[in-house]
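Notes for the one structure printed next.
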Amino acid sequence: MTFFFPLSRNLFTTQTIRYYTSAAVLDSPFNLLHFLHLSATHESLRLTKQAHARVLSLGLTQNPFLASKLLSLYAFFGHLIESRVVFDSVKEKNICLWNSVINGYLKSYSFIEAFDLFCKMGHFNAKPDDFTLATVSKVAGEIGDLKVGNLVHCKSIKTGFVLDVVVSNSLISMYGKCGEFEGMKKVFDEMFERNVGSWNALISGYANAGDCRLGKDLWEVVKNMQIDGVKLNGFTISSLLPLSGNEEVTRRCDYGRELHCYILKNELDSACGSDVHLGCCLIDMYSRNSKVLMGRNVFDRMRFRNVYAWTAMINGYVDNGDFDEALVLFQEMQLRDGIEPNKVSLVNVLPACSSYAGLMAGKQIHGYAIRKELSHDVALCNALIDMYSKCGSLNCAKQVFENGLFCKDSISWSSMICAYGLHGKGEEAMCLFDQMLLLGVKPDMITVVGVLSACRRSGLVNKGLSIYKSITNDYGMKPTVEICACVVDMLGRSGQLDRALDFIKTMPVEPGPSVWGALVSASVMHENLEMQDLAYRFLIQLEPENPSNYVSLSNLHASSKRWNAVAGLRKMMKERGLRKAPGCSWISMNGKTHCFYVADKAHPHSSSIYEILDDLIFIMKGAGYPTDFEELTQITSY
DNA sequence: ATAGGGTTAG
């Protein structure tokens with residue numbers, strides 16, 4: 001059995017701490033401040049607390065320099081209460097102190113508290129300055145509240161701080177995050193003086209919009225930036241890298257590699273602090289473009305890897321189906337670098353349990369999440385529901401869904417509905433869907449696909465069709481190709497092939513491969529040769545590059561012994577240079593996963609496995625089961 | 001003398 005959570009190592013030895021405590025002479029405010037600086041560079045809460053104790057015992061609580069550094073540090077460690085206590089205990093609060101405490105809340109994602117304090121400044125006769133406005137503008141962007149954003153903008157104009165480059169940059173970013181692109185452009189255009197950050201804020205605004213129309217503006221901006229003589233830096237590139245793979249916006253096939261070259265040529269990867277982040281973006285870009293090995297290359301060359309970098313790499317492997325390597329890295333992250341996974345790491349690695357490592361690994365991750373008090377996170381709970389249902393434990397999935405420790409979103413409902421569907425419990429899935437609607441949770445496309453799949457698996461054709469009608473009529477949703485494929489599958493499986501074909505002809509979206517594929521499987525199931533041929537013709541027309549279509553069709557011909565047709569298809573595949581990646585099966589035993597391909601003799605116990613297989617076939621034949629093993633062998637070992 | 005801000009993530 002593999003353990004994914006080794007004991008954590010304490011990277012801070014007692015000697016180091018003793019060194020720092022003895023090296024600093026902690027009797028003057030200046031030395032204490034220096035000591036706090038050391039606590040910050042070593043990210044040590046313990047040293048921070050020692051400094052705090054010293055501040056208290058020397059009666060230096062009213063020193064504004066010490067107080068602001070102390071409260072910032074507490075906020076950095078997530079100790080917001082201590083941070084607030086330090087702030088509250090200072091009687092004469094200067095503007096730096098206000099800015100530090102508001103920024104502390106911002107960095108700890110406590111946006112409402114941050115804004116609340118900003119609003120209270122007036123009662124204390126404190127006037128916001130450029131630092132305050134830049135910070136609160138970011139707060140508005142983070143919560144995506146345009147009203148708050150406009151308020152900060154007005155205040156900046158009134159006080160004249162809008163002339164400060166950083167304040168304006170922050171406003172640009174805020175408008176971008178609120179989706180108010182006109183406002184964003186206006187702030188930028190009206191700027192009196194701009195720096196690279198101004199351009200970056202504008203570019204990231206357009207880049208994150210995910211809107212092709214704005215994508216055009218984006219390239220204009222990048223061009224104008226260069227005309228203006230401002231060089232692209234690490235921030236710029238990391239905004240542009242996530243667009244690689246989006247053909248609509250980039251219109252270039254090797255766009256991601258171009259940006260990678262730019263990084264190397266301009267040595268942006270060695271610029272202090274930005275190399276980790278750029279590395280993450282590169283890994284992500286390569287994984288998204290199915291070049292996970294290129295991503296690994298970047299990962300291996302990074303001089304410093306944080307939890308983001310490890311998680312990006314793990315996610316790359318999971319997305320590309322290499323679950324084994326993902327799990328190896330998940331362990332190495334902890335063993336080699338002593339880095340603890342956070343909730344995103346766990347969410348990303350859970351699909352590897354569903355598909356590869358199995359229930360026990362998934363349970364370990366669940367246990368770890370509970371110990372680290374991460375099990376209230378909705379994304380993690382959703383991933384757990386999904387994992388448990390795919391690992392065969394509907395009960396555990398139900399327990400996570402029903403325990404009420406997290407705030408359910410539409411994904412939680414969808415995951416549980418899908419779980420019931422996967423386990424053949426159509427009635428329960430329908431029931432949950434109704435409950436969701438009653439509670440006013442808005443279903444999305446995924447929910448509908450989930451409930452329709454559940455219906456088709458359980459043969460609830462009429463109920464499925466009525467749901468289909470109600471989502472279009474009552475909820476005004478435009479059905480997606482996937483939803484239509486579900487309907488085709490539902491009708492097809494129940495034997496209503498002609499009705500399925502009629503549906504395809506009248507459905508509101510262009511039928512894609514999934515739709516014809518559903519009709520193919522249904523017509524195979526019901527042995528309707530005419531329909532099979534028809535559906536396959538559309539499928540191959542839509543996906544001439546997908547080898548699976550040819551192989552399936554050829555297998556179909558083989559099953560009815562039409563060998564000429566088989567040979568013709570195989571020839572066509574060869575001419576088009578298509579090869580199908582072989583499928584495989586695997587089984588986990590005693591924590592080790594064994595993988596098998598067709599006619600695979602690579603396993604060390606191969607001969608005894610085949611012996612048992614032969615015995616089983618013999619027994620099956622004896623028991624009168626119909627067997628076409630000869631034919632199967634003929635097809636698969638082709 | 002010493003403190004506080006913006007543009008980037010999985």
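Quick note: numbers below take in every heavy atom, side chains included, and nothing from hydrogens, waters or symmetry partners. Convention: sequence-line order gives letters A, B, ...; per-chain numbering from 1.
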Proximity to the side chain of [X] - top-ranked nucleotide from [options]:
X: Ser68(A); options: dA3(B), dG5(B), dA9(B); value: dA3(B)
X: Phe65(A); options: dA9(B), dT7(B), dT2(B); value: dT2(B)
X: Cys96(A); options: dT7(B), dG10(B), dG4(B); value: dG4(B)
X: Ser100(A); options: dG4(B), dA3(B), dG10(B); value: dG4(B)
X: Lys138(A); options: dT7(B), dA3(B), dG5(B); value: dT7(B)
X: Ser204(A); options: dA3(B), dG10(B), dT7(B); value: dT7(B)
X: Thr311(A); options: dG10(B), dT7(B), dA3(B); value: dG10(B)
X: Asn208(A); options: dA9(B), dG5(B), dG4(B); value: dA9(B)
X: Ala134(A); options: dG5(B), dG10(B), dA9(B); value: dG5(B)
X: Val344(A); options: dG4(B), dG10(B), dT7(B); value: dG10(B)

[X] near the nucleic acid: base, sugar-phosphate alone, or nothing, with a heavy-atom cut-off under 4.0 Å?
X: Asn195(A); result: base
X: Val167(A); result: base
X: Val347(A); result: nothing
X: Ile95(A); result: base
X: Pro242(A); result: nothing

Rounding to an integer number of Å, can you tell me how far [X] [atom1] sits from [N] [atom2]?
X: Asn103(A); N: dG5(B); atom1: CG; atom2: P; value: 5 Å
X: Phe161(A); N: dG4(B); atom1: CZ; atom2: C1'; value: 13 Å
X: Ile203(A); N: dT7(B); atom1: CD1; atom2: P; value: 15 Å
X: Leu60(A); N: dT2(B); atom1: CG; atom2: P; value: 18 Å
X: Glu142(A); N: dG5(B); atom1: CD; atom2: P; value: 15 Å
X: Asn31(A); N: dA1(B); atom1: CG; atom2: C1'; value: 12 Å
X: Lys231(A); N: dT7(B); atom1: NZ; atom2: P; value: 23 Å
X: Met302(A); N: dG10(B); atom1: CE; atom2: C1'; value: 12 Å

Fill in: Side-chain N or O of Asn315(A) closer than 4.0 Å to phosphate OP1/OP2 of dG10(B)
no
Item to complete: For dG4(B), take OP1 and OP2 only and decide whether either is under 4.0 Å from a side-chain N or O of Lys69(A).
Response: yes
Worksheet item: Could a donor-acceptor pair under 3.5 angstrom be found where the side chain of Asn94(A) meets the base of dA3(B)?
Response: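 Pair found.
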Discussion item. Would the base of dG5(B) count as contacting Asp129(A) through its side chain, where contact means a donor and an acceptor less than 3.5 Å apart?
Written reply: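 Donor-acceptor pair under 3.5 Å: no.
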Fill in: Heavy atoms of other groups near Tyr262(A) OH, more than 12 under 6.0 Å
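Yes - once you tally the heavy atoms of other residues, nucleotides and ligands closer than 6.0 Å, there are more than 12.
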Worksheet item: Would you say Lys186(A) has more than 12 foreign heavy atoms packed within less than 6.0 Å of its NZ?
Response: no
Item to complete: Answer yes when Arg84(A) and Glu113(A) have at least one side-chain N-carboxylate O distance shorter than 4.0 Å, and no when they do not.
Response: no
Worksheet entry | Lys/Arg N to Asp/Glu carboxylate O, Lys185(A) vs Glu182(A), below 4.0 Å |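 Result for this pair is no, no salt bridge flagged.
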Practice prompt. Answer yes or no on whether Lys107(A) is positioned over the face of Phe76(A), meaning its NZ or CZ is under 6.0 Å from the six-membered ring centre and within 45° of the axis.
Written response: no
Item to complete: Examine Lys120(A) relative to Phe118(A) and say whether NZ or CZ is less than 6.0 Å from the centre of the six-membered ring and inside a 45° cone about the ring axis.
Response: no
Worksheet item: Any idea how Phe111(A) and Tyr109(A) line up, ring-wise: parallel (<30°), tilted (30 to 60°), or perpendicular (>60°)?
Response: perpendicular
